[in-house]
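Below is one structure; the comments refer to it alone.
Predicted model, so just to flag it, every value in this text is computed and none were measured. Just so it is clear: chains get the letters A, B, ... in the order the sequence lines come, proteins before strands, and each one is counted from 1.
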Protein chains: 2
Amino acid sequence: MVTMSDVAKAAGVSRATVSYALRGDPRIAAATAEKIRQAAQKLHYNANISARSLRSGRSGIIGVAIYELDRPYPSEMSAAVSREIARRGYQPIVQQTSGSKDDEIMILQKVTSQLCDGMIFSPGQVSDEELRALSHGKPMVLLDDISPDPVFDSVNTACEDGSAAAVHHLIDIGCKHIVVVGPSYDMLLDDKMASSVVGRRMTGCLRAFEEAGVDVSSRNFLPLRHWDPIPSREAAYRLLDSDDYRDADGVFCLTDTIAISFMRGLADRGVRVPDDIALVGFDGVTESEYAVPSLTTIRTDLDDLARKAIDLLLDRVNANVGGTGSDPSADTASDGDLAFPDSPQRLTAAWELVERESTRR
Amino acid sequence: MVTMSDVAKAAGVSRATVSYALRGDPRIAAATAEKIRQAAQKLHYNANISARSLRSGRSGIIGVAIYELDRPYPSEMSAAVSREIARRGYQPIVQQTSGSKDDEIMILQKVTSQLCDGMIFSPGQVSDEELRALSHGKPMVLLDDISPDPVFDSVNTACEDGSAAAVHHLIDIGCKHIVVVGPSYDMLLDDKMASSVVGRRMTGCLRAFEEAGVDVSSRNFLPLRHWDPIPSREAAYRLLDSDDYRDADGVFCLTDTIAISFMRGLADRGVRVPDDIALVGFDGVTESEYAVPSLTTIRTDLDDLARKAIDLLLDRVNANVGGTGSDPSADTASDGDLAFPDSPQRLTAAWELVERESTRR
DNA sequence: TTGTAGGCGTTATCAA
DNA sequence: TTGATAACGCCTACAA
């Protein structure tokens, strides 16, 4: 391994000078800096991240922790975030939380909070408060945070507006009995559920129904215990077999993966989409465009989401340069300074309704 | 941050004793070790990875570098590998190489080769020789390595056998004019292409054609410059519009993503699958099961692939414990010892032909 | 069985 | 403008 000492020797300067020069410190004379850069290049020198991180607490790495890397939406999202991180000159590393709380904690303790200058986290089981403890004061941006009073910055998908648009679209094309696949009717009674992704999406649906003057009952909701392909496919059978849903002519599935599996279930029974039942999904994964029939969906602009998330994160990361990072007692009083407000920001990713064959009548 | 000194103080022992105790060194008395473990637990102590890595060269992290994290096959593969790594008690981190050579080099230089005890790499642009230099002596297992004379252990998909099975299946169900979508007819003339994934899959097709006594010409191959959804969809138009392929009644697409996009292209033109044209894919991604019609495919057993890859990798990682790691001059002479042969191993992942609607006649 | 001490490669504080 | 020097937190001979 070639270390900084080797470069220093080759360039005829001290290690300290090499360190300054390679990081662009203006105190080093241009000629010296150039000489050092050339020596480093020739020796294929690369700064040791462990040593740098140990000494300075900064690694240049941004972590992304996401649930289930083998599902279309999370994987497209982490890819987009990953690319945006690289674009800003940081090294992205992705980790899969796989749903278990222990897993999430392990990831945060073992690598993310230690190695990373900041992290993008899609919370599953861990609460905001627990996250605060696990973050060790490192900046973190949450994706679709469900906490009623947030601790961290977050970027959300347009759950309410998007879902409302989906339901409005079904109404617009003439659907009389619309069924929302995912939530149960009494879900909103639970405060914690109400602020979750499914709760917010359901709220959007209810708003749309109300705006259109549609009466709502439990017949408008088909609950799903797990948002997985198999139960989603079977949900189609349940819909077709139950008297409650027999005249359903429009379905809004809370994710594209649910929608595509549900559509497969309808195909199993020979039900035609959109002729017999029109269908709308949510997410806008690539798959939705290539399905037969292609799926109308609420597409989340993942590039926009990534940009907003990384903007928020890097603001905090760079603000941390001066402070200790672990002691947020900086200046709670100076609320006049708007640059980095202490209160967590909450942004929403851009989205659009993409009309495709599944609602073309 | 709570360090080893804090634990030592709390337990009333020295730092060294803490280090030994927490890593299960038998020299420490059971009672002492237990006391130390409890103190560590109470303080929420976590060993600093940077410090450990700097001092011992080991981090407990295994890296996975894969091309395009937002495609179904690579994402399912990295998820499977990631889970297997976690199962063995290591921390997996995933990075996306995004195809560019600079990107791959950057990833290897900046984080993988520095931070990781070993890595799983799906090579794109970088040659085996370059990899050797970039690996800094760290163990590495390649996935679908295309090098004719390999430098590293690798696990491959069953390109030849799988493709042969796909073509045989199409012949079995009665297809008379089979078209393979992906490669061009003259591809095998190029030595480098011949050992690539597409080359090996094509070789399998040719073998099947030969075994079945089918004459082969360029009319049996529909080349694809990029294996992306859009060109794949358009390839279907090309097939339908060209006199060369007009009577095609069976298609083998070299990946599921190609197959699903191609199928979508056929649907655009109102061609029925399997009635007019039967279709087989390769990979066995989740999506293939939920497509309408569901896709017959050569499914690679990703759990088996992950298990084999990590077995190979951890063998080398643990073998490195004694040696310097960067100096592989250990014992090239003792070829009698079969435990860790110096010559790279090449394994093949288990696979199966999954028959579904797209070939059901 | 446990403690002492030195160093991994870098950065930051001083002094020159 | 540059150089010496002391940490950062951990591991590991070696000494006790």
Side-chain angles (χ1 to χ4, degrees), chain A residues 1-36 39-40 43-61 109-111 113-115 117 136 321-326, chain B residues 1-9 11-36 39-40 43-61 109-111 113-115 117 136 321-322 324-326:
Chain A
M1 157 165 270
V2 33
T3 78
M4 211 152 105
S5 300
D6 299 321
V7 179
K9 208 174 298 170
V13 296
S14 76
R15 279 166 12 197
T17 307
V18 173
S19 177
Y20 289 129
L22 292 182
R23 303 195 295 117
D25 192 302
R27 289 180 302 183
I28 303 299
T32 316
E34 181 54 28
K35 191 174 55 184
I36 290 171
L43 296 175
H44 299 293
Y45 169 74
N46 260 289
N48 181 310
I49 292 186
S50 299
R52 164 175 297 173
S53 169
L54 179 60
R55 175 63 232 225
S56 71
R58 305 200 58 182
S59 63
I61 296 174
Q109 280 183 339
K110 283 277 172 64
V111 350
S113 74
Q114 288 202 21
L115 245 38
D117 294 346
H136 287 281
V321 170
T324 65
S326 56
Chain B
M1 153 164 272
V2 33
T3 77
M4 214 154 98
S5 301
D6 300 320
V7 179
K9 208 174 297 168
V13 296
S14 78
R15 282 169 12 199
T17 307
V18 173
S19 177
Y20 288 131
L22 291 182
R23 306 204 295 115
D25 192 302
R27 288 179 302 180
I28 303 298
T32 316
E34 181 53 28
K35 191 174 56 183
I36 291 171
L43 297 174
H44 299 292
Y45 169 73
N46 261 288
N48 181 309
I49 292 187
S50 300
R52 164 176 298 175
S53 168
L54 180 57
R55 174 62 232 234
S56 71
R58 306 200 58 182
S59 62
I61 297 174
Q109 280 182 338
K110 283 276 171 67
V111 351
S113 74
Q114 288 202 20
L115 247 36
D117 295 345
H136 286 282
V321 170
T324 65
S326 57

Contacting residues from residues 9-24 of chain A, given that a heavy atom lies under 4.0 angstrom of DNA chain D = A/Val13, A/Ser14, A/Arg15, A/Ala16, A/Thr17
Scanning both residues in full, the closest heavy-atom pair of A/Asp117 with A/Arg58 reads OD1-CA, 3.3 Å
Grab the two heavy atoms, one from A/Ala40 and one from A/Leu22, that are nearest each other, plus how far apart they are.
-> CB-CD2, 4.2 Å
Side chain to side chain donor-acceptor pair (under 3.5 Å) with B/Ser5: which residues, sequence neighbours excluded?
-> none
Side chain to side chain donor-acceptor pair (under 3.5 Å) partners for B/Tyr20, two or more places apart = B/Arg27
Contacts of A/Val2 and B/Arg55 projected onto DNA chain C by closest heavy atom; the upstream (5') one is B/Arg55
Could you tell me, to 10°, how much the axis swings from one end of the helix from C/dT1-D/dA16 to C/dA16-D/dT1 to the other, five pairs per end?
-> 40°
Taken in chain and number order and not counting sequence neighbours, the residues that satisfy side chain to side chain donor-acceptor pair (under 3.5 Å) with A/Asn46 are none
How is A/Thr32 classified with respect to the nucleic acid when contacts are heavy atoms under 4.0 Å: base, sugar-phosphate, or nothing?
-> sugar-phosphate
Where does the chain B footprint on DNA chain C start and end, counting 5' to 3' with a 4.0 Å heavy-atom cut-off?
-> C/dT1 to C/dG9
Full working for side chain to side chain contact (heavy atoms under 4.5 Å, CB included) between B/Ile61 and A/Leu115 = CA-CA 11 Å; B/Ile61 297 174; A/Leu115 245 38; 3.7 Å; yes
Sorted by chain and number, sequence neighbours left out, side chain to side chain contact (heavy atoms under 4.5 Å, CB included) with B/Arg55 holds for none
Return the set of residues passing side chain to side chain contact (heavy atoms under 4.5 Å, CB included) with A/Ser53 (not counting sequence neighbours), or none when no residue passes.
-> A/Ser59, B/Ser50
Starting at the 5' end of DNA chain C, which residue's closest nucleotide do you reach first, B/Arg27 or A/Asn46?
-> B/Arg27
Measure across B/Arg15 and B/Met4 and return the closest heavy-atom pair with its distance rounded to 0.1 Å.
-> O-CE, 3.1 Å
Interatomic distance, CZ@B/Arg52 vs CD@A/Gln114, rounded to 0.5 Å, equals 9.0 Å
List in chain and number order the residues that pass side chain to side chain contact (heavy atoms under 4.5 Å, CB included) with B/Thr32, two or more places apart in sequence or in another chain; answer none if no residue qualifies.
-> B/Val13, B/Thr17, B/Ile28, B/Ala29, B/Ile36
Who passes side chain to side chain donor-acceptor pair (under 3.5 Å) against B/Gln109, sequence neighbours left out?
-> none
Considering only heavy atoms of chain B and a distance under 4.0 Å, specify the first and last nucleotide of DNA chain D in 5' to 3' order that meet this criterion.
-> D/dG9 to D/dA13
B/Lys9 NZ: over 12 foreign heavy atoms closer than 6.0 Å | no
